Amino acid sequence: MHIRFTKMQGAGNDFVVLDETRGRLPLRRAHYRRLADRHFGVGADQILSVRPSPAPGIDFEYVIHNADGGQVQQCGNGARCFARYVRSRGLTHQDVLRVQTLAGVIELHLVADGGVRVDMGRPAFAPARLPFDAAGLRPLPQGSGEKWPLALEDKGVDAIFHVAIASMGNPHAVLLVDDVERADVARLGPLIEGHPRFPERVNAGFLQILDRAQVRLRVYERGAGETLACGSGACAAVACGIRLGLLERQVQVHTRGGRLEIAWSGDPADTVFMTGPAVTVFEGSIELPDELPD
Ligand SMILES: N[C@H](CCC[C@H](N)C(=O)O)C(=O)O
């Protein structure tokens, strides 16, 4: 099948965007994996599908698949690209969009400088919301938050790491580190992502606090590996940092791919706002086999 796509990136987190507003493409898991494949396909961290409004008051449905082909609840950098995409292709003329994801409805605001501001919804910290199996674990309280002990068995050695956890609709575990560039993301990332206490796996964030309003963040993403930036991961890391009493309400998040602005009041009833770039890189098309082995 012949697929037309748009390649986009938000702070270096890159996406294949598909327009399914005039009909669903017959894609299965293996097709999403092939589109994301950087050698046999287009190459991307996630595949974003733009689908028609599912209900009154909602402008579009926003569907997200990771590079491993799995469908997931949320993608913050993708949300900004989604907004830029539908506007630039004339699928909407609105400056504010409400889109339905698996995690619920989020609101996208196109801002003048080409960036997009996203209301990412409320963070959640209860283990059951990720899900995280906290049975038998005693959290370390800190500020109004806590850190959870996570035993990581590596080369036969059991080490205990304390992580903060948060859901932005998708699950995040955040490890505080002294220097993100020296953090062993390649080794610890997969151990955290696939840890049995996260039954649906987890995005593993490595957070370095520079001061109360600036952080550096690397994220080993569930289903994609380390990406240059993770929008929902930035929201989760800042929300955890605020709860631990380490951060103010407005934080600049420096990622390897660019800078994101995150704002949260610290009240779990309030939503988290993320502002950042959204860039179209190129348009293209690809021939995909109708059948691909799973
Ligand atoms: N890997 C994530 C989905 C993409 C999130 C990220 N690209 C973002 O910008 O939020 C997950 O499995 O939950």
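Small disclaimer: the values here were computed from a predicted structure and weren't measured. We count ligands from 1, going down the list as the structure has it; atoms in each ligand are counted the same way.
Among all protein heavy atoms, the one lying closest to atom 10 (O) of ligand 1 is Ser232 OG, 2.6 Å. Protein heavy atom in closest approach to atom 5 (C) of ligand 1: Glu221 OE1, 3.4 Å. Among all protein heavy atoms, the one lying closest to atom 9 (O) of ligand 1 is Gly231 N, 2.8 Å.
Counting atoms of ligand 1 from 1 in the listed order, those under 4.0 Å from a heavy atom of Asn77 are 8 (C), 9 (O). The distance from ligand 1 to the heavy atoms of Gln74 drops below 4.0 Å at these ligand atoms: 3 (C), 4 (C), 5 (C). Interface of Asn170 with ligand 1, defined as ligand atoms under 4.0 Å from a residue heavy atom, comprises 2 (C), 11 (C), 13 (O). Ligand 1 places these atoms under 4.0 Å from at least one heavy atom of Gly76: 8 (C), 9 (O), 10 (O).
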Between Phe132 and Trp148, is the ring-ring contact (aromatic ring centres under 6.0 Å, His included) condition met? List the steps.
CA-CA 10 Å; Phe132 173 61; Trp148 294 89; 5.6 Å; yes

Determine, step by step, whether Gln73 and Asn170 satisfy the side-chain hydrogen bond (donor to acceptor under 3.5 Å, both in side chains) criterion, reporting the C-alpha distance in whole Å, the side-chain angles of both residues, the deciding distance to 0.1 Å, and the verdict.
CA-CA 6 Å; Gln73 305 93 333; Asn170 61 342; 5.6 Å; no

Please lay out, stage by stage, how Arg80 and Tyr85 fare under the test side-chain contact (heavy atoms from CB on, under 4.5 Å).
CA-CA 9 Å; Arg80 301 197 311 275; Tyr85 177 87; over 6 Å; no

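Here's the thing with Asn203: one of its N/O atoms is less than 3.5 angstrom from an N/O atom of ligand 1.
Heavy atoms of Val72 found under 4.0 angstrom from ligand 1 belong exclusively to the side chain. Under 4.0 angstrom from ligand 1, the non-hydrogen atoms of Gln46 all belong to its side chain.
With hydrogens and angles left out, the side-chain atoms of Asp59 and Gln94 include a donor and acceptor closer than 3.5 Å.
We find that Asp14 and Lys7 are joined by a salt bridge, their nearest charged nitrogen and carboxylate oxygen being less than 4.0 Å apart. A salt bridge links Glu248 with Arg212: the distance from a Lys NZ or Arg NE/NH1/NH2 to an Asp or Glu carboxylate oxygen falls below 4.0 Å. At a threshold of 4.0 Å, the pair Asp294-Arg28 counts as salt-bridged, since one of the basic side-chain nitrogens sits closer than that to a carboxylate oxygen. Taking the charged nitrogens against the carboxylate oxygens, Glu146 and Arg243 do have a contact shorter than 4.0 Å, which makes a salt bridge. Using a 4.0 Å cut-off between charged nitrogen and carboxylate oxygen, Arg222 and Asp68 do not count as a salt-bridge pair.
Not a single heavy atom of Ala224 lies less than 4.0 angstrom from ligand 1. At least one heavy atom of Asn66 sits less than 4.0 Å from an atom of ligand 1. Ligand 1 has at least one atom lying under 4.0 Å from a heavy atom of Asn13.
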